[in-house]
Amino acid sequence: MTTHWIDAAAQDDVPQDDVIGLIVQGRDIALYGVGGEVFATDNLCTHGNARLCDGFLEGHEIECPLHQGRFDVRSGQPTCPPVTSAVRSYPVRIEGGRVWLALD
Ligand code: FES
């Protein structure tokens with residue numbers, strides 16, 4: 001199956017060691033800048049109604065602003081309670097100064 005890459009943002013719009021939220025094809029997505037790389041997950045926490053882009057990024061971990069649960073932004077896997085379910089993560093490709101996501 002061919003991967004369908006979607007142009008989501010300029011690479012320069014993703015701050016290093018920080019997170020931004022944006023809507024890509026109707027989906028609420030969080031983009032994380034870590035160590036010169038960009039990672040992408042769904043923006044809504046799997047524990048409650050909080051946007052991860054409003055949280056605190058430390059290394060590869062995003063801390064939810066509501067109850068301080070944590071996810072690894074590389075895989076979406078939970079790393080700290082109360083979150084127990086992974087947040088969906090998406091493949092990222094950087095090309096031509098743009099951030100491309102595979103959302104399917
Ligand atoms: Fe994110 Fe509770 S809503 S940890």
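In this chain, residues are counted from 1 in sequence order. Counting starts at 1 for both ligands and their atoms, following the listed order.
In the vicinity of C64, heavy-atom distances shorter than 4.0 Å reach the ligand 1 atoms 1 (Fe), 3 (S), 4 (S). Interface of L66 with ligand 1, defined as ligand atoms under 4.0 Å from a residue heavy atom, comprises 3 (S). Interface of V83 with ligand 1, defined as ligand atoms under 4.0 Å from a residue heavy atom, comprises 4 (S).
Contact annotation: H47 places an N, O or S atom under 2.8 Å from atom 2 (Fe) of ligand 1. At a threshold of 2.8 Å, atom 2 (Fe) of ligand 1 has no backbone or side-chain N, O or S atom of C45 nearer than that distance.
A side-chain donor-acceptor contact under 3.5 Å links Q16 to the backbone of G35. The backbone N or O of A102 lies less than 3.5 Å from no partner atom in the side chain of R93, so there is not a single donor-acceptor pair.
Protein heavy atom in closest approach to atom 3 (S) of ligand 1: G48 N, 3.3 Å.
Residues R98 and D7 are paired through a salt bridge, judged by an N-O separation under 4.0 Å between the basic side chain and the carboxylate. Under 4.0 Å is where a charged nitrogen must lie from a carboxylate oxygen, and between E58 and R70 at least one such pair does. The existence of a salt bridge linking R27 and D104 is confirmed by a sub-4.0 Å separation between a basic side-chain nitrogen and an acidic carboxylate oxygen.
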Point to revise | Residue pair L31, L101: steps toward the side-chain contact (heavy atoms from CB on, under 4.5 Å) verdict | key: CA-CA 10 Å; L31 293 181; L101 304 181; 4.1 Å; yes
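Of all the N, O or S atoms in H67, the one closest to atom 2 (Fe) of ligand 1 is ND1.
Heavy atoms of T46 found under 4.0 angstrom from ligand 1: none, in either backbone or side chain.
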